[in-house]
Peer 1: 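Mind having a look at this structure? Questions to follow.
Source: prediction; values computed, not measured.
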Amino acid sequence: QLQLVESGGGLVQPGGSLRLSCAASGLTLNFYTIGWFRQAPGKEREVVSCIVTSVGTTNYADSVKGRFTISRDNAKDTVYLQMNSLKPEDTAVYYCAAGVRPCPDSRWSRTFPRRSYEYEYWGQGTPVTVSS
């Protein structure tokens, strides 16, 4: 059974940065697609980004493209989400999830797994608040 644990959330001022981590245990992350999602109060959960850990292809939601960067360290079985130029509307609980559907490179396709049901394993979430 794959277990995921997020960390790195907190309070940050607008324009600031945070780096979230998603650490795996139980199974290796290799060959999985890892997605980052977020859910703001009163809103539906939405995808932020995805990465295929074995090859490093990545994709992003339009709302974060150019500001957020997803990456992985396979030796540590950890995926990161570097968030820069944060805005108040980025405030949410951030979740990482693992699935097997492909995450193509954003240079070639903008079609990637965006729905919660497309991922099998979930972490417990880490809250991010962007406020002055």
Peer 1: Would you check if the side chain of Asp73 reaches a backbone N or O of Thr78 as a donor-acceptor pair within less than 3.5 Å?
Peer 2: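 No, the answer is negative, given that no donor and acceptor are paired below the 3.5 Å cut-off.
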Peer 1: Quick check: does any side chain N or O of Tyr119 sit under 3.5 Å from a backbone N or O of Cys96, one acting as donor and the other as acceptor?
Peer 2: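 No, because the side chain of Tyr119 does not come within donor-acceptor range (under 3.5 Å) of the backbone of Cys96.
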Peer 1: Consider only side-chain N and O atoms of Thr28 and Asp77, and report whether a donor and an acceptor are under 3.5 Å apart.
Peer 2: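 Result is yes, a qualifying pair exists.
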Peer 1: Where the side chain of Asn74 meets the backbone of Thr53, is there a donor-acceptor pair that is under 3.5 Å apart?
Peer 2: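 Side chain of Asn74 to backbone of Thr53: a pair is present.
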Peer 1: Determine the minimum heavy-atom distance between Lys65 and Ser106, stating which atoms define it.
Peer 2: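 Heavy atoms only, the tightest pair is NZ-OG, 3.4 Å.
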Peer 1: Taking the side chain as C-beta and beyond, is there a heavy-atom pair between Val52 and Phe31 under 4.5 Å?
Peer 2: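 Side chain of Val52 against side chain of Phe31, heavy atoms only: no contact under 4.5 Å found.
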Peer 1: Would you say Gln3's side chain and Gly26's backbone share a donor-acceptor pair under 3.5 angstrom?
Peer 2: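 Pair absent, no side-chain N/O of Gln3 close to backbone of Gly26.
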Peer 1: Minimum heavy-atom separation for Pro102 to Pro104, with atom names?
Peer 2: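 For Pro102 and Pro104, the tightest heavy-atom pair comes out as O-CD, 3.6 Å.
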Peer 1: Can you see whether Asn84 engages Ser17 through a side-chain donor-acceptor pair at a distance of less than 3.5 angstrom?
Peer 2: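 A donor-acceptor contact under 3.5 Å links the two side chains.
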Peer 1: How long is the span from the OG atom in Ser109 to the CG atom in Asn59, to the nearest 0.5 Å?
Peer 2: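 Answer rounded to 0.5 Å: 6.5 Å.
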Peer 1: What heavy-atom pair brings Ala92 and Ala40 nearest, and what distance separates the two atoms?
Peer 2: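 Closest approach of Ala92 to Ala40, heavy atoms only: CB-N, 3.7 Å.
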Peer 1: Would you say the side-chain atoms of Thr69 pair up with the backbone N or O of Gln82, donor to acceptor, closer than 3.5 Å?
Peer 2: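 No, because the side chain of Thr69 does not come within donor-acceptor range (under 3.5 Å) of the backbone of Gln82.
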Peer 1: Is there a donor-acceptor pair under 3.5 Å between the side chain of Thr126 and the backbone N or O of Gly9?
Peer 2: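 Pair found, side chain donor or acceptor close to backbone of Gly9.
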Peer 1: Would you find a donor on one side and an acceptor on the other, under 3.5 Å apart, between the side chain of Glu44 and the backbone of Gln39?
Peer 2: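 A pair under 3.5 Å: no.
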Peer 1: If you group Ile, Leu, Val, Met, Phe, Trp and Tyr by side-chain heavy-atom gaps below 4.5 Å, do Val79 and Tyr121 land in one group?
Peer 2: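 Cluster IDs for Val79 and Tyr121 match.
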Peer 1: Working to the nearest 0.5 Å, report the span between CG of Leu29 and SG of Cys22.
Peer 2: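 Output value for this atom pair is 6.5 Å.
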Peer 1: Taking atom OG1 of Thr57 and atom CD1 of Ile70, what is their separation to the nearest 0.5 Å?
Peer 2: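 The OG1 atom of Thr57 sits 10.0 Å away from the CD1 atom of Ile70.
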Peer 1: Please examine the side chains of Val48 and Leu81, heavy atoms only from C-beta on, and report whether any two atoms are closer than 4.5 Å.
Peer 2: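 Yes, their side chains come closer than 4.5 Å.
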Peer 1: Can you say whether the rings of Trp122 and Tyr95 are parallel (under 30°), tilted (30 to 60°) or perpendicular (over 60°)?
Peer 2: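 Judged by the thresholds at 30° and 60°, the geometry between Trp122 and Tyr95 is perpendicular.
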Peer 1: Taking the side chain as everything from C-beta on, heavy atoms only, tell me whether Trp36 gets closer than 4.5 Å to Val47.
Peer 2: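 Contact flag for Trp36/Val47 side chains = no.
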Peer 1: Hydrophobic cluster membership, with links at side-chain heavy-atom distances under 4.5 Å among I/L/V/M/F/W/Y: are Val12 and Leu20 in one?
Peer 2: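 Yes, because Val12 and Leu20 connect within a single hydrophobic cluster, where side-chain heavy atoms sit under 4.5 Å apart.
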Peer 1: Do Pro14 and Pro88 have side-chain heavy atoms sitting under 4.5 Å apart?
Peer 2: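 Contact flag for Pro14/Pro88 side chains = yes.
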Peer 1: Kindly state each residue pair satisfying salt bridge (Lys or Arg N to Asp or Glu O under 4.0 Å) with at least one member in residues 109-131, sequence neighbours excluded.
Peer 2: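 Found Asp62-Arg110, Arg101-Glu118.
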Peer 1: So do Ile51 and Thr33 actually touch side chain to side chain, heavy atoms under 4.5 Å?
Peer 2: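 A side-chain contact is absent here, since even the closest heavy-atom pair is not under 4.5 Å.
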Peer 1: When you group the ILVMFWY residues by side-chain heavy-atom contacts below 4.5 Å and let the links chain together, are Leu18 and Val64 in the same group?
Peer 2: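 Hydrophobic grouping puts Val64 with Leu18.
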Peer 1: If you compare all heavy atoms of Leu2 against all heavy atoms of Ala24, which two are closest, and at what distance to 0.1 Å?
Peer 2: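 Of all heavy-atom pairs spanning Leu2 and Ala24, the closest is CD1-CB, 3.8 Å.
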Peer 1: Please name all residues satisfying side chain to side chain contact (heavy atoms under 4.5 Å, CB included) with Asp90, sequence neighbours left out, ordered by chain then number.
Peer 2: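 Once residues adjacent in sequence are excluded, the partners of Asp90 under the side chain to side chain contact (heavy atoms under 4.5 Å, CB included) criterion are Arg38, Arg67, Phe68, Leu86, Lys87, Tyr94, Val130.
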Peer 1: With a 4.5 Å cut-off on side-chain heavy atoms, are Met83 and Val128 touching?
Peer 2: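 Yes, close enough: below the 4.5 Å cut-off.
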Peer 1: Run the side-chain contact (heavy atoms from CB on, under 4.5 Å) check on Leu11 and Ser131 step by step: do they pass?
Peer 2: CA-CA 7 Å; Leu11 173 64; Ser131 175; 4.3 Å; yes
Peer 1: Are Phe112 and Tyr60 an aromatic pair by the rule of ring centers under 6.0 Å?
Peer 2: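 Distance test on ring centres: not under 6.0 Å, no.
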Peer 1: Which heavy atom of Tyr32 sits nearest to which heavy atom of Gly99, and what is that distance?
Peer 2: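 Closest pair (atom of Tyr32, atom of Gly99, distance): CD2-O, 3.4 Å.
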Peer 1: Restricting to pairs with a member in residues 10-19, which pass salt bridge (Lys or Arg N to Asp or Glu O under 4.0 Å), not counting sequence neighbours?
Peer 2: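 For residues 10-19: none.
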